[in-house]
Amino acid sequence: MSVGADLGGLGPGAISIVAEIADDRICSVRVRSSRPAHLTRLFHGRPAAEVAPLAGRLFSLCGLSHAFAASRAIAAARGEIRKPTPQNLVALDCERLSETLRALTTLAEDAVPPTALRAVLTLTRELATGDARDRGATAAKLRAETAKLGLPDDVSGDTPFGKLARELARSPAIAASAPDTLRAEDDDAVLEGIRAQGESFSATPSIAGRAPETGAFARHWRETDLSRGAICARLSARMIDLDRLVTRLSDGAEDASRSEAPAAREAYCAVETSRGELYHWVRLTPDDRIENYAIVAPTEWNFHPAGPFVAALLGARIPRAAAAQTIARLAGLFDPCVAFRVELREAAYA
């Protein structure tokens with residue numbers, strides 16, 4: 001998202017990143033989020049059938065993913081087996097592709113020409129809504145339009161993604177390391193956290209002794225060149241993610257979501273979004289109303305006060321003059337689902 005948003009208020013909130021620098025080294029990073037963790041209270045007491053459409057409207061980003069996760073979680077809590085339709089999966093992949101592409105446009109000025117962006121978004125919209133008369137032909141057009149941008153492997157050429165890659169490669173190098181990936185095996189720990197802590201877990205989710213990361217880099221880091229530094233490696237992961245999505249829209253999407261009912265009238269669903277794993281958890285009353293509800297979004301893992309973004313930045317050697325822009329670019333590649341603001345301060349002991 002963008003830099004320079006107002007914090008707080010009645011909107012979606014924002015993230016504040018305050019970094020202290022001394023002798024061209026980041027010696028302190030404080031992340032504060034004003035994202036509202038209490039929105040799910042709007043679901044309490046409502047008929048379960050109202051929640052999925054409401055979730056899709058409440059969240060302007062990844063609205064389809066929220067509606068999908070809500071629908072699957074509620075179905076599982078009812079004891080129903082509800083498989084997504086092929087069109088559902090196509091729509092989810094289109095949303096992931098569109099959100100990823102929009103995020104990339106914020107990393108550098110004129111990173112992706114507006115006309116090129118509109119062409120891709122128009123095609124994904126046709127595929128997502130099922131309006132494409134010939135889905136195969138539309139998917140082929142999407143491949144052609146993304147090839148003009150630099151997919152799958154023309155990021156070194158004179159393409160928008162090539163220019164973006166060269167621009168980001170000029171950023172000061174920040175060491176890249178393997179992420180502590182949030183996995184399906186962590187579902188039990190997430191469920192335990194939701195049950196025990198409720199909204200506080202949704203706001204700052206954690207697993208003891210770990211700093212889990214979710215998203216494109218967590219999915220594809222093994223296919224990137226970590227020796228080029230965090231910014232280049234994370235951009236490469238985004239490119240890989242985009243290419244895989246375009247291929248899936250041509251060859252057929254797969255259901256990678258997970259839903260389970262650990263107790264009567266209680267269930268969760270985890271779905272992969274452009275920013276990472278999104279969890280919806282629900283507990284129903286006997287008359288099919290919402291007794292309790294929780295959402296754990298990927299931004300809260302990645303921008304946890306002691307999470308992977310802070311870990312990636314802390315200790316990095318960055319020239320003072322380039323620090324604010326470099327931090328903003330790294331934050332943009334972690335891609336929070338709200339706007340963020342970067343503030344750079346001289347360390348008190350410097």
Side-chain angles (χ1 to χ4, degrees), residues 26 29 31 62 93 96-97 99-101 103-104 106-107 146 150-156 161-162 164-169 171-187 189-190 205-207 209-248 254 256-258 270-279 296-304 306-318 326-337:
I26 304 299
V29 182
V31 173
C62 298
D93 278 350
R96 272 181 61 181
L97 192 154
E99 291 293 334
T100 300
L101 189 56
L104 289 172
T106 69
L107 294 175
T146 54
L151 286 181
D153 55 8
D154 192 26
V155 295
S156 60
F161 287 159
L164 176 61
R166 288 193 295 275
E167 173 64 25
L168 296 189
S171 302
I174 298 174
S177 59
D180 177 2
T181 301
L182 186 69
R183 305 178 299 271
E185 293 80 4
D186 297 319
D187 286 356
V190 175
S206 62
I207 298 175
R210 296 176 55 193
E213 177 174 345
T214 185
F217 188 63
R219 290 189 286 265
H220 304 301
W221 68 271
R222 290 180 178 84
E223 302 165 70
T224 69
D225 183 356
L226 298 183
S227 68
R228 298 188 64 206
I231 287 179
C232 289
R234 288 178 178 278
L235 177 65
S236 178
R238 290 280 172 186
M239 297 294 105
I240 293 168
D241 213 42
L242 278 174
D243 185 53
R244 298 284 165 80
L245 289 167
V246 173
T247 298
R248 281 179 16 182
E254 298 179 359
S257 66
R258 308 183 300 279
V271 61
E272 197 73 42
T273 73
S274 65
R275 296 169 178 88
E277 290 270 35
L278 170 69
Y279 284 86
V296 184
T299 293
E300 274 59 58
W301 294 104
N302 293 336
F303 287 87
H304 187 283
F309 171 75
V310 171
L313 188 56
L314 196 60
R317 184 169 289 281
I318 308 174
T326 302
I327 294 169
R329 286 177 170 176
L330 182 65
L333 286 163
F334 272 87
D335 190 19
C337 57

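The two residues S236 and T224 come nearest to each other via the heavy atoms OG-CG2, 3.8 Å. Heavy atoms only, all atoms of each residue included: A211 and P308 are closest at O-CD, 4.0 Å.
Remark: E254 pairs with no residue by the salt bridge (Lys or Arg N to Asp or Glu O under 4.0 Å) rule, at least two apart or across chains. Residues that satisfy the side-chain contact (heavy atoms from CB on, under 4.5 Å) test with A306, not counting sequence neighbours, are H304. With sequence neighbours excluded, no residue forms a salt bridge (Lys or Arg N to Asp or Glu O under 4.0 Å) with R317. Residues satisfying the side-chain contact (heavy atoms from CB on, under 4.5 Å) test with V190, not counting sequence neighbours, are I194, F201, Y279, W301. R258 is linked by a salt bridge (Lys or Arg N to Asp or Glu O under 4.0 Å) to D187, E277, counting only residues two or more places apart in sequence or in another chain.
Between the CG atom of L330 and the CD1 atom of I231 there is a distance of 5.5 Å, given to the nearest 0.5 Å. Put simply, CZ on F217 and CG on L226 are 5.0 Å apart, with the number rounded to the nearest 0.5 Å. In this structure, L235 CG and R228 CZ are separated by 8.5 Å, a value rounded to the nearest 0.5 Å. Distance CG/D93 to CZ/R248: 4.0 Å, rounded to 0.5 Å. To the nearest 0.5 Å, the span separating CG on L278 from OG1 on T299 amounts to 10.0 Å. Here the straight-line distance linking atom CZ of R210 with atom OG1 of T181 works out to 8.5 Å at 0.5 Å rounding.
Listed by first then second residue, pairs satisfying side chain to side chain donor-acceptor pair (under 3.5 Å) with a partner in residues 211-221 read E213-R234, R219-D241, R219-E272, H220-E223, H220-D241, not counting sequence neighbours.
Checked options L245, L242, L151; the residue passing with T146 is L151 (criterion: side chain to side chain contact (heavy atoms under 4.5 Å, CB included)).
The side-chain heavy atoms of E167 and L107, taken from C-beta on, include no pair separated by under 4.5 Å.
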